[in-house]
Amino acid sequence: MPEQIMENIYIVEIPLPQNPLKALNSYVIIGEKRNLIIDTGMNREECLEAMSAGLGELEIDLAKTDFFITHMHADHLGLVSRLAAPGRTIYFNRPDAEIFLDESKWNEQMDFAQLCGFPTDELKEAIEKHPGYRYKARGDISFTYLEDGDTLSVGGYTFRVVSTPGHTPGHFCLYEPERKILVSGDHILGKITPNISSWSDGVDPLHDYLESLDKINTLEIKTVLPGHRHIFHDCQKRIQELKNHHAQRAEEILAILASGAYQAYDVAARMTWDMTYKNWAEFPVSQKWFATGEAISHLQYLENKGFLRKERIGDKLVYFLLNGRENNIESGATISRFKLENGIVSSGDSY
């Protein structure tokens, strides 16, 4: 059942079955002439049923409704292909659209994953079970592209588009300066750490993500409407927690590489994960995929910061600590050293 959270703004919870995220927060803003739905859920019947029921309760006329999609992941974009029709605008970002519309990207990701050590016999299953592949939007979709700083006015609110790349290359947030509201998509979540993954060379999504956190940190925000779980209010505190998390992740990877050179898949297998499984072998293939992607993004960030290097050895991409770094990996000492050198947190923070 839809819940009113502010004047003219309702939240419709869209279930995500067999997914650790559990549900998507779809926000419906009712306007005098046009309505706006922010994010839609996956392209699956359970999501369509929940959305249809919620919109029916609110008596929403889809013919007078537009869509704003924060980013390309299927739990946000997928269902829009079942809801859109001529006369209904789908606002989106160009970088994510270019990836979404290019089917060859899946093969490119598989090739890079194999280079990073992902087992060949598990690759096909990893893609076929990937929710972004199984439940993506289908058919011809026409997007209306927005840019950083553009505005959308609906329901008495004027939202400013804020480009926040990192979780995806083109991720968008919406900011309402008068009410100090941030619609954060998956950029900032209250109790979950957004996955920052990479499946291609020559990019640095974690660097982009940290810069995007700093960008949001300059805004005066009272209320955050996230893509998943509960609405929250202390945005600055949450930003600091997320930055601390990635600093600790980076330190863990440095410590792993201190014991030898590894491919990204092997690094991920040695990292600590907040999972109920006893060991890496028990991880479902889909979770190994997400974990390896996150390991790659941190390795690329550390490489660009000068902490390590990579080398192509035959059909393997292997990561090494740079000379001299091995001797600096000491319990406790590396956390403050890394954070200070990279400006992730202030020197006043302690562990």
Side-chain angles (χ1 to χ4, degrees), residues 3 5 11-27 38-42 46-47 50 69-78 96 129-132 135 162 164-169 171-174 181-198 205-206 208-217 221 223-250 252 268 271-277 283-284 286-298 301 344-345:
E3 176 188 355
I5 53 177
I11 183 171
V12 178
E13 188 173 278
I14 308 297
L16 302 174
Q18 294 86 51
N19 189 297
L21 291 172
K22 299 181 180 179
L24 169 88
N25 297 332
S26 180
Y27 297 100
I38 302 174
D39 292 337
T40 62
M42 294 177 176
E46 299 92 333
C47 297
I69 307 298
T70 58
H71 63 290
M72 66 182 176
H73 290 157
D75 54 325
H76 296 254
L77 172 64
D96 281 6
K129 290 187 175 181
H130 194 296
Y135 304 119
V162 185
T164 51
H167 182 64
T168 65
H171 190 289
F172 275 163
C173 293
L174 288 176
I181 302 166
L182 180 74
V183 183
S184 67
D186 281 1
H187 180 53
I188 302 173
L189 302 172
K191 297 295 182 181
I192 311 170
T193 303
N195 180 269
I196 311 301
S197 289
S198 178
L206 181 54
D208 295 341
Y209 180 70
L210 294 171
E211 283 203 335
S212 295
L213 287 178
D214 288 338
K215 183 177 183 178
I216 294 297
N217 208 29
I221 296 168
T223 306
V224 180
L225 307 183
H228 305 279
R229 308 293 170 86
H230 301 297
I231 294 168
F232 62 98
H233 302 280
D234 197 339
C235 189
Q236 288 188 331
K237 178 184 177 183
R238 185 57 183 151
I239 286 172
Q240 192 61 64
E241 291 171 349
L242 291 168
K243 292 172 76 173
N244 289 351
H245 166 81
H246 289 291
Q248 291 172 323
R249 271 276 186 248
E252 182 180 29
M271 294 169 66
T272 55
W273 302 99
D274 186 16
M275 298 282 185
T276 57
Y277 310 105
F283 273 44
S286 59
Q287 292 302 319
K288 289 182 179 179
W289 178 269
F290 287 116
T292 302
E294 185 159 327
I296 293 170
S297 72
H298 284 75
Y301 179 81
I344 290 184
V345 294

How close do [X] and [Y] get, heavy atom to heavy atom, and via which atoms?
X	Y	result
Tyr27	Ile11	CE2-CD1, 3.9 Å
Met271	Ala295	SD-CB, 3.8 Å
Pro131	Ala74	O-CB, 3.5 Å
Pro15	Cys47	O-SG, 3.2 Å
Pro226	His230	CG-O, 3.3 Å
Pro165	Ser212	O-OG, 2.7 Å

With sequence neighbours excluded, residues passing side-chain hydrogen bond (donor to acceptor under 3.5 Å, both in side chains) with Ser297: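 Expected list: none.
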
Glu252: partners by side-chain hydrogen bond (donor to acceptor under 3.5 Å, both in side chains), with sequence neighbours left out: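 Glu252 satisfies side-chain hydrogen bond (donor to acceptor under 3.5 Å, both in side chains) with Arg249, Thr272 only.
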
Exceeds 12 heavy-atom contacts within 6.0 angstrom, atom CD of Glu13: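 Atom CD in Glu13 is not crowded, with 12 or fewer foreign heavy atoms closer than 6.0 Å.
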
Pair Ile69-Thr40, side-chain contact (heavy atoms from CB on, under 4.5 Å): steps then yes or no: CA-CA 8 Å; Ile69 307 298; Thr40 62; 4.0 Å; yes

Students often mix this up, so state it plainly: with edges at 30° and 60°, are the rings of [X] and [Y] parallel, tilted or perpendicular?
X	Y	value
His228	His76	perpendicular
Phe283	Tyr277	tilted
His130	Trp289	perpendicular

Separation between [atom1] of [X] and [atom2] of [Y], rounded to the nearest 0.5 Å:
X	Y	atom1	atom2	result
Ile196	Asp186	CD1	CG	9.0 Å
Lys243	Leu210	NZ	CG	7.0 Å
Leu182	Leu174	CG	CG	8.5 Å
Phe232	Ser184	CZ	OG	5.5 Å
Ile239	Asp214	CD1	CG	8.0 Å
Glu294	Leu206	CD	CG	8.5 Å

Worked check of side chain to side chain donor-acceptor pair (under 3.5 Å) between Gln248 and Asn244: CA-CA 6 Å; Gln248 291 172 323; Asn244 289 351; over 6 Å; no

Beyond-backbone contact of His246 with Thr193, side-chain heavy atoms, under 4.5 angstrom: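 Heavy-atom side-chain distance check passes, below 4.5 Å.
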
Side-chain heavy-atom pair Pro194, Leu242 within 4.5 angstrom cut-off: yes

Stepwise side-chain contact (heavy atoms from CB on, under 4.5 Å) test for Asn25 and Leu225: CA-CA 8 Å; Asn25 297 332; Leu225 307 183; over 6 Å; no

Asp39 side chain to Thr70 backbone, donor-acceptor under 3.5 Å: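 Such a contact is found between Asp39 side chain and Thr70 backbone.
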
Check: Val224 main-chain N/O paired with His233 side-chain donor or acceptor under 3.5 Å: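 It does not hold such a pair.
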
Candidate pair His73 and His167, rule side chain to side chain donor-acceptor pair (under 3.5 Å), full reasoning: CA-CA 10 Å; His73 290 157; His167 182 64; 3.1 Å; yes

His187-Tyr209 aromatic ring centre distance below 6.0 Å: yes

Trace of the side-chain contact (heavy atoms from CB on, under 4.5 Å) decision for Leu77 with His71: CA-CA 7 Å; Leu77 172 64; His71 63 290; over 6 Å; no

